[in-house]
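In what follows, every heavy atom counts, from backbone to side chain, and hydrogens, waters and symmetry copies are set aside.
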Amino acid sequence: MESNEKYNPQGIEPVWQREWQVDRTYYVKPDPDKPKFYTLVMFPYPSGDLHMGHMRNYTIGDLIARYRTMRGYNVMNPMGWDAFGLPAENAAIKEGIHPAVRTIDNIVGMKEQFYKMGIVYDWDREVASCMPDYYKWTQWIFLLMHRRGLAYRKKAAANWCPKDQTVLANEQVVNGRCERCGTEVIKKDLTQWFFRITNYADRLLDDLDTLDGWPERVKTMQRNWIGRSFGAEVDFPVTGHDETVRVYTTRPDTLYGATFLVLAPEHPLVSEITTPEQRAAVDDYVAASRRETEIERMSTDREKTGVPTGAYATNPVNGEQIPIWIADYVLVTYGTGAIMAVPGGDERDYDFALKYSLPIVTVVEPTEVVEPGTDPAVAPVYKHGSSVPCYSGPGVMVNSGRLNGMPTGESKVAMIALLEAEGHGKGTTNFRLRDWLISRQRYWGAPIPMVHCEQCGEVPVPVDQLPVILPTDVEFRPGGESPLAGVESFVNTTCPNCGGPARRETDTMDTFVDSSWYFLRYCDPHNDTGPFSRDLADYWMAVDQYTGGVEHAILHLLYSRFVVKVLADEGMVSVQEPFKRLFTQGMITKDGAKMSKSKGNVVPVDYMVEKYGADTGRLFVLFIGPPDEDAEWNDRGAEGMFRFLNRIWRLFEGKVTVGMEGADRDISDYSPSDRDLLRKVHLTIKKVTDDIDRFHFNTAVSALMELSNAMQSYRDAHGPQTAAFSAAATNLLLLMAPFAPHITAELWMRCGGDEYVHQQPWPQFNADLAASDVITVAIQINGKVRDRIELPADTSEEEAIQTALSTPRVQSMLDGKEIRSTRYVPGRLISIVL
RNA sequence: GCCGAAGUGGCGGAACGGCAGACGCGCCCGCCUCAAAAGCGGGUGGGGGUAGCCCCAUGUGGGUUCGAAUCCCACCUUCGGCACCA
């Protein structure tokens, strides 16, 4: 580059951004000559403005796409819009702008911001979940679920958000509050649509073990959420009734210690078995617990309460009559909604038994700890002066009839066998996971393609009548019912089955349904005969690298896995798992909080780009810290990064040329300082490559800084017009190209490089050039570094130790003492023990 | 309560059992300048010594090892997840 202009990102960046809009490098189709690489960043909700948190996210994705392309992969890097959802609808209610108008506006604006960050996508694959050509296939997937018996409607106590006026999935309730608006969620009995995700619970859990490229943290969260446990269902006949109470327990071995039963207040048998004397108390208790919020109900530290029903049941293994209570610490939604209480083995039951003076029987005695040092088993606890303890650890069965003397593990198996043989119960598996409630009483979503006919009941809309178009002329006022219910022309239809008058389903689908398959649509985005073709899905899937926020660890990532498994069962895709590798990046915070409009702590992308340029912003968000950790915004750091890019710019002033010509020169043609520079170049190639592969972008950037510092020193001494400097300049631009695409593209062009820098192959690490003739070795005496020596690189262990022992420092410390041992860690240090 | 992650200079952070603090920010000194900004050079964990150097130091206390920020045990703190799930 010959001119001496100043670095002016505002001048050069838009030029390259326009270039990338017409350049086809990142518009891809299947290519048999290259390995494919599908990289994906979670598609955004089109909220309007992007801030530095988004910039971090999309910069990482862009870096991966550009890097993998240079590595010779056929890279698919698509982008789209998770465009349905509540914020646009709430804004419509408030401001009177139609959600569709606002959403499209926001998409246009955000796309502009992607260009401004220098981020490249295959925009031919763009999808927006609110467009009929997309939600047609979301509805198609609903019909597939329905056909496979995985979509059903039932009346249930659903989570209802009073502010958003809609039901929520269990996954969208966080600590008893609406995940979106923070309002306390209440329970409402409503008829709702569900997806039978529980049918896939085992596979969703077991296949987590195949996801080696996922963070352990996310897998653990999903395991806990699915919550599989093994145990038994046991039937207790109710005395004087035909009914039996079925309980679920993970500890069938303790059945002899069951001294009472507890039903959830909502349990269907409560009313039937309650005795006349207890009727009033039971009714009061049931009514009181219904009034409680989930937050009150679920609090673990409040005192347990309950009332007896007056009824008794028979313990099937010992014939004992035990009382049946109701208590709100038992949840109707888990297991069978009823438990056998074993106060001698369960602390909750123990507390309850002590409070209401119910009998406590010890059925497990801890095995004596043999070695004093071994980890002691959970110790028995004694509360409130009780002479009988509660013990839940392993041990030996007592007071348990035929099980006496057995260790707990064995007795569990034995008891299940006994129950099954005598017809009192069976071994079962239980899950915490509930079915996915997918219907919403809101407007801005994909209509559920079902029709209610008085003659035929629930009738699916035939595939050839899709999409069921979301009407635009709608009154948005929320009233606990979908706004679609007020649109006569939408609601009134004919039954596809009998042709008679029928009403359309007016609920829309949870937006998580939209986002649970979009990565498949990217593979074949213009297909109008199906959601995607099997060939293209098989070519591109699975996603090789998925990047997004950890807030989706359960919701989106679990639902997507479920949908892919259903599609695999239908024979539509070959993969069992959609995302091979997952990276969850941290938030960028300001004033200690996530950037959000409501908190007023947003640093917009536009501010960054206008003040310093996109490259500065990109490098800054990569350098700010480990990308999987949260990082606090600070303006100074951005200035430092801008200074770095200015230094890079000046490094290329004068007659610097780039190109690959010097790459095959003989090592002996170079002077020692040339060789030092080339050594640094190749060490940097290795470091940057390794760091990108393991997502250590912050240290990759620092390696680039080190190289540029070394180049500046070299340039000060030898000038820029040597073959070594040219080689260094070439490699620096190539290595930096995925990080700072504009400045590297510009310098590459100005310095006479071939084509575009991003079309060049990634630099090759050359171990010979990286090798050093001399190595510096530290000498440790008794574990402390006391000296350093330089040795030829090929020194043997013996020679190295001899040289170390002969140095004056070591000699003075030896001082006639005996050498106990020596060892040599090649290239690192020599350890001497006196 | 259970599960998981993390605690390193003034700050963000490096260091995948081998020279703690790379790289950057900030600060200090100097050069350039009439001056400033920008830029450039040097310094920068704590303590001691004229100096060669020495001692201390990665949340706390133990342990394993020739050698520990890194591995193990216990504890403290912070953050995240789950939470009356039988």
Any side-chain N or O of A:Tyr329 below 4.0 angstrom from OP1/OP2 of B:A86? no
Integer-rounded Å distance: B:C82 P and A:Gln222 CD: 12 Å
Looking only at atom P, what distance separates B:C75 and B:C3, rounded to whole Å? 12 Å
With C1' as the reference atom in both, quote the distance from B:G17 to B:A68 in angstrom, rounded to an integer. 7 Å
Go through it in stages, so that I can follow the logic: the residues are A:Ile322 and A:Phe236, the test is side chain to side chain contact (heavy atoms under 4.5 Å, CB included), and I'd like the CA-CA distance, side-chain angles, deciding distance and then a yes or no. CA-CA 10 Å; A:Ile322 58 175; A:Phe236 287 72; 3.8 Å; yes
Could you tell me how far apart A:Asp630 (CG) and B:G13 (P) are, to the nearest whole angstrom? 10 Å
N/O to N/O distances under 3.5 Å, protein versus nucleotides 36-42 of chain B:
unit_1	atom_1	unit_2	atom_2	d
B:G39	O3'	A:Arg650	NH2	3.2
B:C40	OP1	A:Arg650	NH2	3.3

If you look at every strand shown and take non-hydrogen atoms under 4.0 Å, does A:Arg432 touch a base, only sugar-phosphate, or nothing? base
Spacing of A:Glu706 atom CD relative to B:A15 atom C1', expressed in whole Å: 12 Å
Say we look at B:U33 and B:G39: how far apart would their C1' atoms be, to the nearest angstrom? 12 Å
So what's B:C82 paired with, Watson-Crick or G-U wobble, going by both distances under 3.5 Å? B:G1
Rounded to whole angstroms, how far apart are NZ on A:Lys784 and P on B:C54? 10 Å
What distance, rounded to whole Å, do you find between the two C1' atoms, one in B:A22 and one in B:U58? 15 Å
In this structure, how many angstroms lie between the C1' atom of B:C82 and the CZ atom of A:Arg217, rounded? 14 Å
Since syn is defined as within 90° of 0, does B:G9 count as syn or as anti? syn
Looking at B:C32, which nucleotide sits across from it as a Watson-Crick or G-U wobble partner, both distances under 3.5 angstrom, or is there none? none
Assign A:Asn430 to base, sugar-phosphate, or nothing according to its heavy-atom contacts below 4.0 angstrom with the strands shown. nothing
Taking for each residue the nucleotide of RNA chain B bearing the nearest heavy atom, is the 5' side occupied by A:Ala778 or by A:Ala631? A:Ala631
Using the P atoms only, state how far B:C29 lies from B:C79, rounded to an integer number of Å. 39 Å
Round to a whole Å and report the spacing from CG of A:Asn782 to P of B:C66. 12 Å
Might you work through the side chain to side chain contact (heavy atoms under 4.5 Å, CB included) test for A:Gln172 and A:Cys178, ending with a clear yes or no? CA-CA 6 Å; A:Gln172 289 166 316; A:Cys178 171; over 6 Å; no
Under 4.0 Å: is that the gap between some side-chain N or O of A:Thr699 and OP1 or OP2 of B:C23? no
A:Ile326 CD1 - B:C84 P separation (whole Å): 19 Å
Hey, is the side chain of A:Asn698 poking within less than 4.0 Å of OP1 or OP2 on B:A22, counting only N and O atoms? no
If pairing requires Watson-Crick or G-U wobble contacts with both distances under 3.5 Å, which nucleotide is the partner of B:U60? B:A74
